[in-house]
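So the structure is just underneath, and the comments pick up after that.
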Amino acid sequence: MISSVAKAPRFGSGRAGGKLVVDGRDETVFRKAQIAFKPAGARQKRSLLALLDATRDVYNAGLQERRDAYRHSSQTRIALFDQFNQIKDLRGARDDVLVWGISPLRWALRRLDEAFGGFFRRVVAGETPGYPRFKSFTRWDTIGYDETTGWRLHLDAPTRPGNKAAARTFRPHLYVQGIGSIPLSKSAIRQLKRYATRGGVPTTLTLTRINREGTAWRASIGFKNLAVETPRMAPTAGSVVGIDRGVAVLLATAAADSYTDDQGQLLHHTDDLMTNLAALGSQIEELQRQRSSRKKYGRAWRQLSRRIRRLHRRQSNIEENWARHTAKALVAQHEVLVLEDLNLQGMTRSVKGTIQEPGKNVAAKTGLNRALAEAAPGRLARWITVKAESAGLGHRVWLVNPAHTSQQCSACGVIDAASRVNRQTYYCGACGWYEHADTNAARNIRARGMAAEKAWAAAGSPPLTRPKPRLRRRNPLQTAEPAAA
Ligand SMILES: [Zn+2]
């Protein structure tokens with residue numbers, strides 16, 4: 001998955017270097033199912049909110065303890081497992097917290113540990129990070145389980161003989177200790193069953209509060225051991241595609257060496273999709289105008305904000321769908337997919353402005369359409385990685401050095417910023433080659449990917465080793481203690 005990008009092995013050097021992020025040898029993958037739910041009743045809602053409060057308490061108490069220790073002259077660091085052991089001391093003293101079991105409390109401490117891990121890592125790297133902060137109600141919205149204790153997914157009716165009545169009234173549900181049975185929607189059941197039939201084993205769970213009132217929630221269930229989906233049609237062996245993800249043109253691809261048989265392809269949104277996005281955009285603007293004359297945080301203001309949020313979500317869903325379908329089509333056609341390694345650039349872009357408008361704070365003033373466009377590259381990269389990984393079949397995904405891909409001539413290799421005449425046209429001053437600037441870039445990306453492939457093959461095509469998922473880190477000390485209250 002894209003989370004392992006930072007640690008991906010490099011092949012090739014200099015400009016031709018690339019990171020391999022998918023090697024197509026996985027037989028199983030890890031996937032999360034996201035489902036929306038509403039608490040079964042007022043009581044369930046209250047206990048969910050109470051659990052959220054309890055885990056926040058644990059987080060803040062753990063933080064307090066570490067702060068005190070850090071301020072102490074010895075600058076002692078308190079390890080995660082010291083704090084885990086203290087959870088046991090809650091018995092007798094805070095039995096109210098233990099009705100939910102130990103797992104969600106541990107999850108909160110693990111999150112604290114990660115916050116400190118990040119903090120110390122950045123200190124060591126010479127940065128000046130902010131010290132981890134106490135969580136207020138609004139900054140703590142998730143209950144989590146890294147282990148399979150304290151919750152269980154019931155998708156099939158119990159098959160115990162003599163229990164026919166129970167089987168008849170059975171409804172698939174998510175059982176959470178101290179919370180009860182959370183009902184699942186039809187579409188959620190469908191998705192979860194699909195994962196289960198692919199051999200998926202539910203391993204992690206998070207419950208996220210969507211609104212302040214606690215009436216809308218999202219559950220995310222992580223499945224391990226999901227078999228890769230074998231597509232109906234395999235892509236052409238050895239087919240390599242270079243993908244340039246732009247702001248103006250969403251996607252340009254180049255899939256062939258020969259300049260005569262493939263001029264590359266530009267993939268835009270369809271007209272329908274553009275119309276929908278534009279319509280939503282103008283609705284949003286209208287509501288924002290209405291909101292500006294209201295009292296901030298007043299009743300009407302909040303109501304309008306809610307409607308605006310909903311429209312934003314619809315727009316982003318449309319984009320997400322487009323990215324998913326485009327990624328799927330690309331993966332179906334090509335064995336090797338090459339993208340630019342835009343991580344860093346993407347991060348700085350929102351602050352420093354785009355290439356076209358350097359120095360302006362884009363995020364602050366441009367509005368949503370720009371924000372959507374800015375998010376598109378990351379979205380596509382994520383989906384291409386996910387789809388290639390799920391398809392197995394020897395698919396490889398490369399992230400290559402993005403330097404000068406738009407200024408280099410794909411025919412003769414000369415780098416000259418002046419050759420990029422305008423947004424659309426690349427006209428090489430050295431050899432006279434011309435084509436659409438974005439497909440020219442896609443061709444360069446493809447060439448870099450092929451160079452990286454070559455270096456990888458020369459190294460004996462080593463399999464990709466992924467870092468272990470961070471949530472499954474285990475300490476032998478910890479398994480010794482009882483799993484649930
Ligand atoms: Zn040239």
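Order of listing sets the numbers, starting from 1, for every ligand and every atom in it.
Ordered by chain and number, C409 SG, C412 SG, C428 SG, C431 SG make up the set of protein N, O or S atoms under 2.8 Å of the Zn ion (ligand 1).
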Contacts table for residues 188-196: side-chain donor-acceptor under 3.5 angstrom, sequence neighbours left out:
none

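No side-chain donor-acceptor contact under 3.5 Å links S220 to the backbone of T206.
Among residues two or more places apart in sequence or in another chain, the ring-ring contact (aromatic ring centres under 6.0 Å, His included) test is passed with F134 by none. For W140, the ring-ring contact (aromatic ring centres under 6.0 Å, His included) partners at least two apart in sequence or on another chain are Y59.
The environment of E27 atom CD is sparse: at most 12 non-hydrogen atoms of other residues, nucleotides or ligands sit within 6.0 angstrom.
Screening Q408, E340, E453 for a side chain to side chain donor-acceptor pair (under 3.5 Å) with R448, the sole residue that qualifies is Q408.
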